[in-house]
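Written below as structure tokens is the structure these notes are about.
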Amino acid sequence: MQDSGGSSSGLPKRFEWESVEASCLERWNLASASRASEGEPFSMVVPPPNITGRLHMGHALNLTIQDVAARYRRMQGRDVLWIPGIDHAGIAAQNVVERQLRAEGVDYKSLGRDAFVERVWRWKESIGSGILDQIRRLGASLSWDHERFTMDPGFSRAVREVFVRLYEDGALYRAERMIHWCPRCLTALSDVEVTHQDRDGELYFIRYVDAERPEDSLVVATTRPETVVADLALAVNPEDDRYVAWVGRRVRVPMTDRTIPVVTDTTVDPGFGTGVLKITPSHSMVDFEIGQRHGLGALSVIDERGIMNAQAGPLSGLPLEKARVRAVEVLDSVESLVRREPHKNAIGVCYRCQTEVEPRLSLQWFVRMAPLAARAREAVAAEEIRFFPDNWEKTYFEWIDNIRDWCISRQIWWGHRIPAWTCQDCHHLSVLRNDPEVCPHCGGVNLIQDPDVLDTWFSSALWPFATMGWPEETPDLRRFYPTNLLVTGFDILFFWVARMIMMGLYLTDRVPFRDIYIHALVRDEFGQKMTKSRGNVVDPLELMERFGTDAFRLSLALLATPGRDIRLSVERVEAARNFVSKLWSAFRYISLVVPPGTPSLDDLASCRGIANRWILSELARLQTAYREAMESYRYDEGALLVYRFTWSLFCDWYLEATKGDFERDPSDPLRIETAGTLVTVGSILLDLAHPVMPFVTEELSRLFEFSNGCTGTGESPVLAGRIPEGWGEPFDRIRSMVGSVRQTRSVMKIPPTQEITSALVLLSPDAGDPAALWPFLERLGKLSRSADPSLKGLRAPFRDGYLVLGLGGLVDFSREADRLEKEILKLGEKIAEVSGRLSREDFVRKAPPEVVEKDRGLVVTLEEERKGLEVALDQVRAFLGETP
RNA sequence: AGGCGGAUAGCUCAGUCGGUAGAGCGCAGCUCUUACACAGCUGUUGUCGCGGGUUCGAUCCCCGCUCCGCCUACCA
């Protein structure tokens, strides 16, 4: 690069991200093993993806945000630990392997427990690090030497320790309770594992006749006629005058030969249906409670698979759906069905398989939540933990304040086995850290371990500290716990976030993390949730391959406005790709004009070039705004700032404005200064862009041998405070002059390439030195300086002067006249608005003086501007007169 | 039923600690000017959801309403 000609080819013409990404990834994997343990620690744990998973948009967004945080902190010199890992995903994984077996014609039950679990492990090994590899490709700079699995030996020990400790503290109990049961997964679920779906159903009105006087009857409205056979009472509200006479009487249950009492309960809503509620304690949460209050006992008619059992009379042997149809037929045939009407209601379904859940009475393990929740509430209330955005606090409190005990036992095989043994001899229940040989109570050898496993989320709740070696007092725990930041989606706020807080406080006496960044859901371009059944799932890997990973990450970062769902469209990724190209080509240009090894500016204060001063002052502003955005987790804003600076200021103005400098002699001081400025700005800019676009920025930094954060070879200087006030002004004036010329040029349809002879007239001494202005006007406005001081032509006005464009009579001036008229009208409206405000006595008296001052100044400026335009318009009209 | 979020240019969305309303995409015109056509220049469009209130001034704050999304909830 000896001269500005093309003797050197510079960078490749296009950013070849395929190969660049590959070599970066290789380097990073090597680098992660040797983390420097200096600097203030900064730690995060990744939300462990399910072992069953494949990288989806949610992961991509989640990891991009975390990686931006990690890289940003790393560049600040922090010692970053970001722990990767995978969740064993109990029910989900069990389902996958069950399906595989079924495809082979094998019922998993017939395999037996040990063989089945073995099979799941084998499957786990066969997937290998599938999803983690995909995470790597995203550029996520995790601490790979810290990878964990929720069922690895250390983690399993931690889980068992927690279980035992909770039990010993009385925070854990086993009891027979109503729980949500999935008849397909054949296991209990916790409250949060049940999601609600609105379904169109029917309300059936059923007649129950008086046991003594068959002519009297009550009508009950129900959505579940199949449970009539399990009715143990009818209930009315004690305040309900319509039914006072019925209380204490007995009615006959249709389809059976049983009679049941009519009772009162205040929870019955007189306004719903007929005001009479049928009570089936075994198959409804509410009814169970009412049943308890009235000592009704239990009658179960549905088995664990959702099939009506022998107690179900005419419905016996039917699955629930068919049982309902049958029940209606039977009721109708015995004239018990009064009528039916359409009815919408929300039914609970299993979050793993969408099967309707059944309330079911069974023996399960529960965590007593109230005490844990109290501390968890306090931690957030006292701002030991902060939500970003903070409105999630409300949702969090809402749940915490209405917490119910957590059912943690699952009737599946894949997961952490519950460490509880029952002695067959003395019936003593032992909960133990180590598998027992004999009963600790009686010494008997007939011990049977509880067959259940723990809710997957029970182990997930330990993630922030168990991954660091808890319950051991490890160096990692001492140095990195509590973690600084948790990044996750709102959909697992209760499943995961709240429980980590509770367990963290309970077990480590400290919050597990300080800040929680809650991000939104990624939807498709129409705002629909991406689901397999809709077929609108966009594969992140596909987008990465098509547009490059940097572009993909940038598009996510730009779209990640807090508190708002993201609509991802290919166009947005395309736009981001265009930006990456732009960035690349800008640096290609630099490589063509700046000799290799050019140092940064060593003394900013001695910088003289108008454009150089301007870009430095703009960069200083960018740095400040960027820092503010990044520190408040506004990564979207940080990315946008970089985007705008790069494209609209650096490329559109600065690079164009300084091209002339490189036509000067290589030893020219301005040329040298501009080269130094390019290096300074370029290097800092790459650092700012690096957290979001790690590949392209590192590649460019390496090619240019910058000592900056991208390559880990230096730190970017902070410009704020080092750039004198007003350094940007002269070039800003040039920008407005050029803008005016370009407008006129465009309206007159003069090709951008056609040079126009012009004269510069400055009306104010602050407007600048013509000799300094002309080189920029020539280049940016494609003007040539006229020697004729009385040059005639169109005026392109600006704040304190105008340019005379010597166009001759060759063009159509009426267009320019139209434009100017429009412009003048617009300005007039604005002036009227502001001066109208100023003429109101109220405003001048009550508004802050600086606001009034600003408006006064504004009117003056606007009027000056208008005057310039008016003169220009006169000029055009004169031309129009001359050239009819 | 309660809670949260949204309603701003044709589309997707920023934004304003209350004081001349922005970007990307699109559209129109002119340009292949050796960094970039994945580009440049210029232009284009807004009762800032509706109704009140506070204020000198509201798109922004407060109250109410309408629509859209989501979450929580034992209305059978």
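Numbered from 1 within each chain, the chains take letters A, B, ... in sequence-line order.
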query: Relative to each other, are the rings of A:Tyr635 and A:Tyr517 parallel, tilted or perpendicular (30° and 60° limits)?
result: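 Taking A:Tyr517 first and then A:Tyr635, their aromatic rings lie parallel (interplane angle under 30°).
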
- request: Quick one: which residue pairs count as a salt bridge (Lys or Arg N to Asp or Glu O under 4.0 Å) with a foot in residues 567-582 of chain A, not counting sequence neighbours?
  value: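 Applying salt bridge (Lys or Arg N to Asp or Glu O under 4.0 Å) to every pair that reaches into residues 567-582 of chain A, excluding sequence neighbours, yields nothing.
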
Go through the N and O atoms of the side chain of [X] and the base of [N], and report whether any donor-acceptor pair is under 3.5 Å.
| X | N | result |
| --- | --- | --- |
| A:Lys659 | B:A35 | yes |
| A:Lys394 | B:C4 | no |
| A:Arg577 | B:C38 | yes |
| A:Glu398 | B:A73 | no |

task: Quote, to the nearest angstrom, the C1' distance that separates B:A9 from B:C25.
output: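 Their C1' atoms lie roughly 12 Å apart.
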
- prompt: When rounded to the nearest Å, what value does the distance between P atoms of B:A73 and B:C11 take?
  reply: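 To the nearest whole Å, 37 Å.
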
- prompt: For A:Phe205, which residues count as a ring-ring contact (aromatic ring centres under 6.0 Å, His included) partner, sequence neighbours excluded?
  reply: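 A:Phe205 satisfies ring-ring contact (aromatic ring centres under 6.0 Å, His included) with no other residue.
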
- prompt: Does A:Phe552 have any ring-ring contact (aromatic ring centres under 6.0 Å, His included) partners at least two apart in sequence or in another chain, and if so, which?
  reply: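 A:Phe552 satisfies ring-ring contact (aromatic ring centres under 6.0 Å, His included) with no other residue.
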
message: Contact list please: residues 847-857 of chain A against RNA chain B, heavy atoms, distance less than 4.0 Å, in numerical order.
response: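 Correct list: A:Ala847, A:Pro848, A:Val851.
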
- prompt: How is the base pairing of RNA chain B summarised as a dot-bracket string, given the Watson-Crick and G-U wobble criteria with both distances under 3.5 Å, [ ] for crossing and | for another strand?
  reply: (((((((..((((.....[..))))((((((.......))))))....(((((..]....))))))))))))....

Set out, line by line, the N/O atom pairs under 3.5 Å between protein and nucleotides 74-76 of chain B.
residue	atom	partner	partner atom	Å
B:C74	OP1	A:Arg404	NH1	3.3
B:C75	O2	A:Asp269	OD2	2.8
B:A76	N6	A:Asp269	O	2.6
B:A76	N6	A:Phe272	O	3.4
B:A76	N1	A:Asp269	N	3.2

